Amino acid sequence: MRVSKSFIPTVKETPGEAEIPSHKLMLRSGLMRKVASGFYEYLPLGQRVILKVMQIIRGEMERAGAQEVLMPIMTPAELWQETGRWQKYGKELMRVKDRHERDYALGPTHEEVVTDLVRRELKSYKQLPMNLFQIATKFRDEVRPRFGVMRSREFLMKDGYSFDVDDAACDKTYWAMFEAYKRIFKRCGLLCSPVEADSGLIGGSFTHEFMVLAESGEAAIALCEACGYAANMEKAVGVPTPPAVSQAASEAYASVETPGKHTVEHVSELLKLPPRQFIKTLVFIADGKPVAVLVRGDHEVNEVKVQNALGATELVLAPAEKVMEVTGAPVGFAGPVGLKGVKVLADNALKDGHDYVTGALAKDKHLVHVEIGRDCPAPWYNDFRSVVTGDGCPKCGKPLKTGRGIEVGQTFKLGTKYSKAMKCVYLGEDGKDHETVMGCYGIGVTRTVGAAIEQYNDADGILWPISIAPYQVHLLLLNPADPEVAKAADQCYEDLKKAGYEVLYDDRLDATAGFKFKDADLLGMPLSVRVGARGLKEGVLEVKRRREKEPVKVPLARVLDKVREMAGEEWKLCTP
RNA sequence: CGGGGCGUAGCGCAGCGGUAGCGCACUUGGUUUGGGACCAAGGGGUCGUGAGUUCAAAUCUCACCGCCCCGACCA
């Protein structure tokens, strides 16, 4: 493609609306433009990247035995009512009415639609397994769209759904999809790790999120570099650092004055005892009932874990008045000793410690030398806290790291949740009806593009992995006014195309060499070939990898070889 | 939905009661051409919308709309 004939509106200055690198660069490099908050137009370069990601996904899904279909974006309300999600999905579900006032939802995901399709066609176990996917536009009316394509209201998603005869068969499909996902992201050139994630209240199911590590990621994760364990913070388990005191206190607990000190930090300073020796007591309201959760002073309560353990549908931190009512003291002085009428949960990390400091259930007072079990009833121990840096890996014990990630895909074993609600059954060998066991598998296509940029950029622009780069080679004509140079560049363009490369040829007459270099860095094609009068005098062109600082001078006749060699290096980075 | 910020030329911004500005981009001509060239001449605006205050509003007041950030939320 000749730049002179193409629609690639690059801009020098970053539009004010963009905050994170991928968003800034997608606008600056002319990949997309915004129509309204959360809605974007993808321009030719952006669309090429999207198509490449889609092709990789298609290839791997088919390789793993899934078949592509296309379902409607607009879906009848009745289907959503069958599973209760017409209500449950809330405002995020975009709803529209047709001229007859019938309700529809613009699909945010397609479990209902695909399950309806399959139940209508599925008769016998002989038709299973069935694994269908589509790549289509999805709508989610996000409360706060942000970061460009990272959280938009309309986006491209690959969504796949599998139907199996039983749990074991579903597991097999699940792991096949899991492997396919690893290959997909690797082929896109992404460093991506599957992490265990919270599966909410759906019992017996499990799920993995595929995370691209990036500062700007919205999800917090914990990972072990030693053994590869990785989990979403909602789910991650850590081996706590040892307790401050491992010997039981010999003396009875005693009250100390701690006027105005209502945080662990402040009391810790006052008493000159480490936060690890504290019991932090938080009061929550779970489905209307107060519960107290105890964690060590250097730990934080993980609300998702508490909620799951209680089986509660709603969990909120208790307001100050409620804390007063339950503990008889203002916020900051709660403790387990003498606490009555409340269910008490304690994090496992408290189990091995002794001689704790805790709130005294009275204003400006704390207790020291507290022994759980001696001074208060033994609470319900479980994992109720979030992993912190320094915790040990639950698998290998090495230190865990915490970081942030962008969720580009998720695999989910659904079980019979939808097949039961929608009666998606098949006739088994035994002559009886059985519910299908389902899995669902999503990939945010547009988000994957953003994540790639998030992972690969520098001060000058994007560094595309070759597998998803809009073009593989960026050819720069540096002296367009010089007929010799122009001729050589034209020839090079033809040669590269003939050799099978996708070439973006900057043949513009009105742009200076410097301008073209800047554009090339911004656009980020993995390889560039520079044709200039300077080099031509010596009979050479310059070939450069975007990731390298300096170009390599190559004799005219050897340019194709050099490009092939460098392209080969780039492809290695995208090969599973 | 709560808190904060911003809407002035395509983009980035200044102006903050008295004639609408700057840089980049764009058009034309000329000189240039290896890291976002230079000179000259141009084109482009109901200052987000609507009310109000005032002799006079981009500027002050109110309402609405839009956009961005933090939070809540995210099968």
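Residue numbering restarts at 1 for every chain, and letters A, B, ... go by the order of the sequence lines. A quick note: this is a predicted structure, and the numbers were derived from the prediction, not measured.
We find that A:Lys413 and A:Asp171 are joined by a salt bridge, their nearest charged nitrogen and carboxylate oxygen being less than 4.0 Å apart. For the pair A:Lys417 and A:Glu111, the salt-bridge criterion is not met [side-chain N within less than 4.0 Å of a carboxylate O]. A:Lys172 has no carboxylate O lying under 4.0 Å from a charged side-chain N of A:Asp164, or vice versa, which leaves the two without a salt bridge.
Distance CE (A:Met26) to P (B:rC11): 19 Å, rounded to an integer number of Å. Taking atom CD1 on A:Ile8 and atom P on B:rA25, their separation rounds to 19 Å, with Å as the unit.
Using atom C1' as the reference point in both B:rA9 and B:rG42, the two lie 15 Å apart (nearest Å). Annotation: B:rU53 and B:rU61 have their P atoms spaced 15 Å apart (nearest Å). Using atom C1' as the reference point in both B:rU46 and B:rU8, the two lie 13 Å apart (nearest Å). Separation of the P atoms belonging to B:rC24 and B:rA37 is 11 Å when rounded to the nearest angstrom.
For A:Phe412 and A:Tyr161, the ring centers are positioned 6.0 Å apart or more.
A donor-acceptor contact shorter than 3.5 Å is absent between the side chain of A:Lys91 and the backbone of A:Val143.
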Can you build the contact string for nucleotides 67-74 of chain B? Use B for base contact, S for sugar-phosphate-only contact, and - for no protein heavy atom under 4.0 Å. SSBBBBBB
Footprint string (nucleotides 27-39 of chain B, 5' to 3'): B base within contact, S backbone only, - free, heavy atoms under 4.0 Å: ------BBBBB--
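Using a 4.0 Å heavy-atom cutoff across all strands shown, A:Gln410 reaches at least one base atom of the nucleic acid.
Side-chain atoms of A:Glu13 and base atoms of B:rG10 include no donor and acceptor less than 3.5 Å apart.
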Do A:Thr416 and A:Val437 pass the side-chain contact (heavy atoms from CB on, under 4.5 Å) test, and can you show the C-alpha distance, the side-chain angles, and the key distance before you say yes or no? CA-CA 5 Å; A:Thr416 54; A:Val437 182; 4.2 Å; yes
Output a table of donor-acceptor pairs, distance under 3.5 Å, between side-chain atoms of residues 509-524 of chain A and any protein atom two or more places apart or on a different chain; print 'none' if there are none.
from	atom 1	to	atom 2	distance (Å)
A:Thr512	OG1	A:Phe515	N	3.3
A:Lys516	NZ	A:Leu477	O	2.6
A:Lys516	NZ	A:Asp506	O	3.4
A:Lys516	NZ	A:Arg508	O	2.8
A:Asp519	OD1	A:Thr10	OG1	3.1
A:Asp519	OD2	A:Arg508	NH2	3.0

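In this model, no donor atom of one side chain and acceptor atom of the other lie less than 3.5 Å apart for A:Glu234 and A:Asn302.
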